[in-house]
Amino acid sequence: GHTYYFKQLYSSALASYDKAIAFGGNSYLITTRYKIAVWGAGLSAQPVADYCAQLIANSPSNYALYYWAGRAYQLSGFWTDSKKYLERGVELAKKVVVLNPRDANAHSYLGLFYARLGMSAEGIDEADKGIELSGESATSVYRKAQLLAILKDRKTEALDWLQKAVRKEY
């Protein structure tokens, strides 16, 4: 799937990801994220919406799914739909943080949500909390790179953080 994706053969990538999901395992981390990326690469936002709705129905408290749905709508120019998913994701991630203030992933995703909602200072604060709480894990460092890439004036810094994540074997 990745090979097809990077060659911009999105239909073939999608078919490969579907096959990988059918084999089982941790489908979200292995393939679903990339399947959503295929749709976000210029294809219609509707398949993303339908697929995320299905995933959310099966896991309604998974804030990460709300992020990916909101991101897909935003990339497709559907700002109202995007905001709805992103704001719901903030609510869910905040609930996780209230129950477990040391949840690095929830803090990292709050950072991404805030950045997409135009609240960059709050986003950076949350990303930094995620990095601190995770012991500077590769994933939390990568999430900060993602956040900085969202911000228009921080692209160079985003690349620096991406390099840090890669050095940590992300």
Query raised in the report: To the nearest 0.5 Å, how far apart are CZ in Phe113 and CD in Glu87?
Result: 11.0 Å

Query raised in the report: Ser140 and Gly130: which non-hydrogen atoms are nearest, and at how many Å?
Result: CB-O, 3.8 Å

Report task. Scan residues 126-135 for pairs that pass salt bridge (Lys or Arg N to Asp or Glu O under 4.0 Å), counting only residues two or more places apart or in two chains. Result -> Glu126-Lys129, Asp128-Lys144

**Report entry** Shortest non-hydrogen contact between Ala158 and Ala149, atoms and distance
**Finding:** CB-N, 3.4 Å

**Report entry** Trace of the side-chain contact (heavy atoms from CB on, under 4.5 Å) decision for Tyr67 with Arg116
**Finding:** CA-CA 9 Å; Tyr67 174 77; Arg116 292 236 175 245; 3.0 Å; yes

Requested in this report: State the CG-OG distance between Leu148 and Ser120, to the nearest 0.5 angstrom.
Outcome: 10.0 Å

Query raised in the report: Could you give all pairs that pass the salt bridge (Lys or Arg N to Asp or Glu O under 4.0 Å) test and reach residues 90-113, with sequence neighbours left out?
Result: Arg88-Glu91

Report task. Kindly indicate whether the side chain of Ile56, heavy atoms from C-beta on, has any atom under 4.5 Å from the side chain of Asn62. Result -> no

**Report entry** Sub-4.5 Å side-chain heavy-atom contact between Leu117 and Val90
**Finding:** yes

Query - Heavy-atom pair with the smallest gap, counting every atom of Ala165 and Ala138 - result: CB-O, 3.9 Å

Query raised in the report: For Lys155, what residues pass the side chain to side chain contact (heavy atoms under 4.5 Å, CB included) criterion, not counting sequence neighbours?
Result: none

Query raised in the report: Are Ile131 and His107 close enough that some pair of their side-chain heavy atoms sits under 4.5 Å apart?
Result: no

Query raised in the report: Do the non-hydrogen side-chain atoms of Glu136 and Lys164 ever get within less than 4.5 Å of each other?
Result: no

Query - Non-hydrogen side-chain atoms of Leu92 and Tyr109 separated by less than 4.5 Å - result: no

Query raised in the report: Quick one: does Ile124's side chain get under 4.5 Å of Leu151's, heavy atoms only?
Result: yes

Report task. May I have the step-by-step check of side-chain hydrogen bond (donor to acceptor under 3.5 Å, both in side chains) for Gln74 and Arg71, ending in yes or no? Result -> CA-CA 5 Å; Gln74 202 170 51; Arg71 178 182 180 272; over 6 Å; no

Query - Donor-acceptor under 3.5 Å (Ser82 side chain, Phe78 main chain) - result: no

Query raised in the report: With a 4.5 Å heavy-atom cut-off, do Leu65 and Ser59 have their side chains touching?
Result: yes

**Report entry** Heavy-atom closest contact (Leu147 atom, Gly111 atom, distance)
**Finding:** CD1-O, 3.1 Å

Query raised in the report: So how far is it from Leu110 CG to Arg143 CZ, rounded to the nearest 0.5 Å?
Result: 12.5 Å

Query raised in the report: Do you reckon Tyr142 sits in the same ILVMFWY cluster as Leu133, going by side-chain contacts under 4.5 Å, direct or chained?
Result: no

Query raised in the report: Would you call Leu86 and Tyr114 a side-chain contact if the rule is heavy atoms closer than 4.5 Å?
Result: no

Query raised in the report: Should the ring pair Tyr73 and Tyr85 be called parallel, tilted or perpendicular, given that the plane angle runs from 0 to 90° and is split at 30 and 60?
Result: parallel

